[in-house]
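Written below as structure tokens is the structure these notes are about.
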Amino acid sequence: MLLKRLKGWELPERAVTSESVFHNRRALLKGLAAGPMILSATALAGCSDEASAEADAAKQLAAVPPDPSSHLYPVKRNPAYADGGPNRPITDPDYATSYNNFYEFGSHKDISRAAQALKIRPWTVTLDGDVAKPKTIDIDDLLDQMPLEERVYRHRCVEAWSMVVPWSGFPLSALVKLAEPLSSAKYIRMETFMDPETAKGQKQHWYPWPYIEGLTIEEAMNDLAFIATGIYGKPMPRQNGAPLRLAVPWKYGFKSTKSIVRFTFTSERPVSFWEELQDSEYGFWANVNPEVPHARWSQASERPLGGGNDRIPTLLYNGYAEQVAGLYKGMEGERLFT
Ligand code: MTE
């Protein structure tokens with residue numbers, strides 16, 4: 001495969017839009033965080049260039065159709081996942097909904113505006129491959145069938161920033177049960193939508209679109225593996241992966257694939273998007289480990305979003321070892337932490 005220099009993750013930290021830039025635009029970002037709404041002209045007043053850019057953004061937001069699942073939220077918080085742990089407060093939603101990785105909409109953090117173009121209805125989810133009977137389900141029918149709950153999870157990006165967010169959604173195990181996999185199914189391959197006209201990043205032909213991720217069936221059945229359909233008590237904003245995304249908090253964030261359209265049950269280990277692009281740096285397992293550095297930077301500590309440049313130590317399996325370490329017994333020869 002032809003490998004062009006990676007964007008985004010190859011950039012030094014200083015080249016990535018800083019948190020302060022986002023912070024200074026809180027009024028606008030609040031609009032994006034809340035989902036489609038019309039921002040008032042007074043809320044957008046500023047210097048003239050900014051005012052006209054923000055007026056354009058306001059027009060764009062006004063055109064975004066509302067999320068038809070709004071009535072389902074908020075949902076009850078699961079007491080087993082009630083908070084982010086000691087000294088890990090919930091991240092300000094302005095940060096979590098504006099400092100994003102979603103390469104379909106650009107290889108930088110500031111994609112929240114572009115992502116408003118994502119059409120989230122109609123949206124179907126296909127369950128196929130090694131299953132009793134392939135199914136394609138409308139997202140609203142799926143949401144009606146699934147046991148929705150809220151869970152506060154830590155999220156650790158491979159780039160060494162992190163956040164703590166209340167996801168709404170359902171355990172991935174419930175979807176696996178619905179799919180009725182055959183005994184030959186050892187893995188689940190998850191596929192993101194493909195629509196280069198809407199998601200202009202998908203026109204960047206050096207990336208192996210669509211975005212693919214994978215888990216073993218055992219990982220998918222672990223209680224922590226979650227399909228998130230909302231955040232902060234509201235439907236999932238487009239920039240965070242509406243209408244449904246994965247949340248596997250013991251793994252680096254790139255495993256938590258967004259805007260999924262297909263779950264394929266298979267006997268073959270899926271090759272994921274970043275693995276296909278650069279397998280020396282991004283592997284299949286991608287479990288968080290502070291002692292195994294990335295090829296180009298340390299993973300020993302992380303920068304919580306909203307905390308300026310303050311860093312905190314990174315924990316093995318992002319602090320979820322008790323729940324997941326058993327999944328990897330006897331696999332010492334594998335690249336579990338890349
Ligand atoms: N899923 C898709 N389809 N495309 C992406 O670019 N980025 C991943 C992951 N899921 C990505 C994706 C990475 S690197 C991270 S850290 C998280 O999404 C970021 O999720 P957030 O923007 O909600 O914080």
Side-chain angles (χ1 to χ4, degrees), residues 26-40 43 57-77 90-102 104-106 110-126 136-153 155 163 165-172 174-175 190-195 197-199 211 226-247 256-263:
R26 285 172 84 94
L28 176 63
L29 297 172
K30 274 217 161 85
L32 289 168
M37 59 176 280
I38 302 172
L39 295 177
S40 77
K59 247 189 249 161
Q60 188 196 337
L61 282 177
V64 178
D67 190 311
S69 68
S70 304
H71 64 283
L72 297 173
Y73 306 95
V75 291
K76 199 165 172 283
R77 187 169 291 180
I90 289 182
T91 303
D92 181 331
D94 286 0
Y95 286 102
T97 59
S98 66
Y99 189 88
N100 301 107
N101 275 331
F102 203 169
E104 284 82 344
F105 293 99
D110 195 4
I111 56 77
S112 52
R113 229 179 277 187
Q116 302 315 302
L118 178 63
K119 296 179 200 80
I120 56 168
R121 294 296 186 283
W123 192 281
T124 58
V125 177
T126 296
T136 294
I137 311 168
D138 180 80
I139 182 69
D140 294 304
D141 293 341
L142 183 67
L143 291 173
D144 280 347
Q145 290 178 46
M146 290 291 132
L148 295 182
E149 61 179 52
E150 184 177 72
R151 295 180 178 196
V152 180
Y153 277 175
H155 174 101
M163 60 183 183
V165 292
W167 300 116
S168 308
F170 53 87
L172 177 54
L175 193 73
M190 284 155 273
E191 188 177 317
T192 292
F193 75 90
M194 187 70 193
D195 180 5
E197 287 316 309
T198 303
Y211 197 102
F226 198 61
I227 293 292
T229 59
I231 191 172
Y232 297 104
K234 294 189 177 140
M236 191 68 75
R238 287 157 173 82
Q239 63 270 27
N240 292 96
L244 77 169
R245 66 171 290 168
L246 188 65
S256 288
T257 183
K258 296 178 167 181
S259 304
I260 305 170
V261 291
R262 183 182 295 271
F263 294 80

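Given the structure is predicted, the values throughout are model-derived calculations rather than measurements.
In this structure, the separation between CD on E191 and OG1 on T126 is 9.0 Å, given to the nearest 0.5 Å. In this structure, the separation between CD on E104 and CG on D195 is 11.0 Å, given to the nearest 0.5 Å. Atom CG of L143 sits about 10.5 Å away from atom CD1 of I137, to the nearest 0.5 Å. Atom CD of E150 is separated from atom CD1 of I231 by 10.0 Å, given to the nearest 0.5 angstrom. Rounding to the nearest 0.5 Å gives a distance of 6.0 Å between OG1 of T97 and CG of N240. Atom CZ in F170 sits 11.0 Å away from atom CD in E149 (nearest 0.5 Å).
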Between Y211 and S259, does the side chain to side chain contact (heavy atoms under 4.5 Å, CB included) criterion hold? Intermediate values first, please.
CA-CA 10 Å; Y211 197 102; S259 304; over 6 Å; no
Going through the checks in order, is the side chain to side chain contact (heavy atoms under 4.5 Å, CB included) test met by S69 and T229?
CA-CA 9 Å; S69 68; T229 59; over 6 Å; no
Quick one, K119 with F193, criterion side chain to side chain contact (heavy atoms under 4.5 Å, CB included). Give me CA distance, side-chain angles, the key distance, then yes/no.
CA-CA 10 Å; K119 296 179 200 80; F193 75 90; over 6 Å; no
Would you sort out whether L142 and L175 count as a side chain to side chain contact (heavy atoms under 4.5 Å, CB included), showing the intermediate values?
CA-CA 9 Å; L142 183 67; L175 193 73; 3.8 Å; yes
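Within the 4.5 Å cutoff, the side chain of T91 has heavy atoms near those of the Y232 side chain. Proximity of S168 to P74: side-chain heavy atoms (C-beta onward) are nowhere separated by under 4.5 Å. Using a 4.5 Å cut-off on side-chain heavy atoms (C-beta onward), I139 and I120 make no contact. Side-chain contact between S98 and Q239 is absent, with no heavy-atom pair separated by less than 4.5 Å.
For the residue pair A228 and W167, the shortest heavy atom distance occurs at CB-CE3, 3.8 Å. The shortest non-hydrogen separation linking V125 to I260 is CG2-O, 4.3 Å. Counting all heavy atoms, side chain and backbone alike, A96 lies closest to M163 at CB-SD, 3.8 Å. Pairing each heavy atom of R238 with each of P65, the nearest pair is NH2-O, 3.1 Å. Minimum heavy-atom separation, R77 to P166: NH2-CB, 3.9 Å. Taking all atoms of both residues into account, the shortest heavy-atom contact from L246 to S256 is O-CB, 3.1 Å.
Salt-bridge annotation for R121 and D140: present, with a side-chain N of the basic residue lying under 4.0 Å from a carboxylate O of the acidic one.
Looking at T124, its side chain never comes within 3.5 Å of a backbone N or O of D138 through a donor-acceptor pair. With hydrogens and angles disregarded, a donor-acceptor distance shorter than 3.5 Å links the side chain of T192 to the backbone of K258.
Contacts of F102 classified as ring pair (Phe, Tyr, Trp, His ring centres under 6.0 Å), with partners at least two apart in sequence or in another chain: F105.
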